[in-house]
Amino acid sequence: MAHPSQLGFQDAASPVMEELLHFHDHTLMIVFLISTLVLYIIVAMVSTKLTNKYVLDSQEIEIVWTVLPAVILILIALPSLRILYLMDEINDPHLTIKAMGHQWYWSYEYTDYEDLGFDSYMIPTQDLSPGQFRLLETDHRMVVPMESPIRVLVSAEDVLHSWAVPALGIKMDAVPGRLNQTAFITSRPGVYYGQCSEICGANHSFMPIVVEAVPLEHFENWSSLMLEES
Amino acid sequence: MLSSRAAVRGLQLFTWRSLSTSTCVQEAHGKEVATSSIDCSQPQYNDRLDTPLPDIPYVTEFNTEQSKLKEKEKGPWTQLTKEEKLALYRLSYRQTFAEMKKGSSEWKTVVGGLFFFLGFTGLVIWWQRVFVFGKPPHTLSEEWVAMQTQRMIDMRVNPISGFSSEWDYNTKQWKK
């Protein structure tokens, strides 16, 4: 989760998110360079008492300020496309989970081996335990084994939702009647929070997502417990 | 729709000429509006820093007094008084360089207006805080924030270069 007034990204919990962080650094640096140059030119133009009255066409600079932006765009596009294709690599998931969006909660189905399914409602503010995070905690978390490739199939039962976990670099729209696939590997154990990212009605802001990455034994214990409960 | 058509017709027939500000109506009332149209095929006078010598003098038609002064200008300039020299300058030029560069006090109006509206916005925001907003959630109290912060540290939130990376887990305090 983000700490209060955080401006930057959360630390990456998956390799894809690490790539996205580095790409963002690269692109933001280019943006800062261009903005600094433009700001300098504006200040220089505004603060001079001289007037150039004889500006006519100038082929050299026209070529420069056409070719240079094209080159910069290519320098941004190549890493971007690299990550795009990286995200679509063939992987071999150890586990497939279905995340279904409802108004206004998520439900998770682990149906690879047994028939495990449960709903995940936000904990209302007045019911929080001391120290819990307002508008982020849920009664049941989506527990996954850490460092294992996981496939998530995202869909919705009523209106559009979107399943997003920023620390994993994931956002996938939940469209009724459609299965959208995304995949991730958690590089480290931990609890990762996200919020519904497609307007879906009155409680759109109150249906968060919590992914808990734990060692395999813990995951197996948890899934046995959950099966007994239901 | 009928009434709007009638309104337009009435406007056209009865009130348009009294309300209109178009140039033909103004000229019909004798107001001088031709000053905005200049004949660009003729040399123009200008007061500009980057063209210091205009194509024509400011005053081209002289009255008797001015004609006498212009005649005197044809003789030795040492015989001109200071006032005559200034008068001759003003015949050729409308403004001096100093007058051109002077600028206006418009910025004071702009800045004053800016501060006024900023202040007004502040008043609106204060009014909202008093009369519109409810109580903040209990999770923003100091005790809860302390418990929450401890929980974030325990959960290793953003341990690599973010939040928990600033906490020294050995000495149990924030890193210096």
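Just so it is clear, the model here is predicted, and its values are computed rather than measured. Each chain gets a letter, A, B and so on, in the order its sequence line appears, and its residues count up from 1.
Of the possible polar contacts, one joining the W77(B) side chain to the E73(B) backbone as a donor-acceptor pair under 3.5 Å is found.
Note on E143(B), H138(B), Q148(B): by heavy-atom pairs under 4.5 Å with chain A, the leading option is Q148(B). Among T149(B), T51(B), V145(B), the residue with the largest count of heavy-atom pairs under 4.5 Å with chain A is T51(B). Comparing G162(B), S161(B), S165(B), A146(B) by heavy-atom pairs within less than 4.5 Å of chain A, the highest count is held by S161(B). Between chain A and the residues D50(B), L49(B), T139(B), the most heavy-atom pairs under 4.5 angstrom are made by D50(B). Here D11(A) is the residue among L50(A), T51(A), D11(A) with the most heavy-atom pairs under 4.5 Å with chain B.
Here the side chains of V144(A) and F184(A) are in contact, with some heavy-atom distance below 4.5 Å.
Using a 4.5 Å cut-off between heavy atoms, Q6(A) contacts chain B through its side chain alone, with no backbone atom that close. Residue contact with chain B, scored on non-hydrogen atoms closer than 4.5 Å, is absent for S187(A). Proximity to chain B (any heavy atom under 4.5 Å) is restricted, for A12(A), to the backbone atoms N, CA, C and O. Contact of Y193(A) with chain B is made through the side chain alone, with heavy-atom distances under 4.5 Å.
Figure legend: cation-pi geometry between R82(A) and F23(A) absent, as NZ or CZ is not positioned both under 6.0 Å from the six-membered ring centre and within 45° of its axis.
When only modelled atom types and interatomic distance are considered, R156(B) and S164(B) share no side-chain donor-acceptor pair under 3.5 Å. For the residue pair N221(A) / E217(A), no side-chain donor-acceptor distance below 3.5 Å is found, with atom types taken as modelled.
In summary, the aromatic rings of W174(B) and F163(B) are positioned with their centroids under 6.0 Å apart.
With a 6.0 Å radius and a threshold of 12 heavy atoms from other residues, nucleotides or ligands, K102(B) has its NZ atom at or below the threshold.
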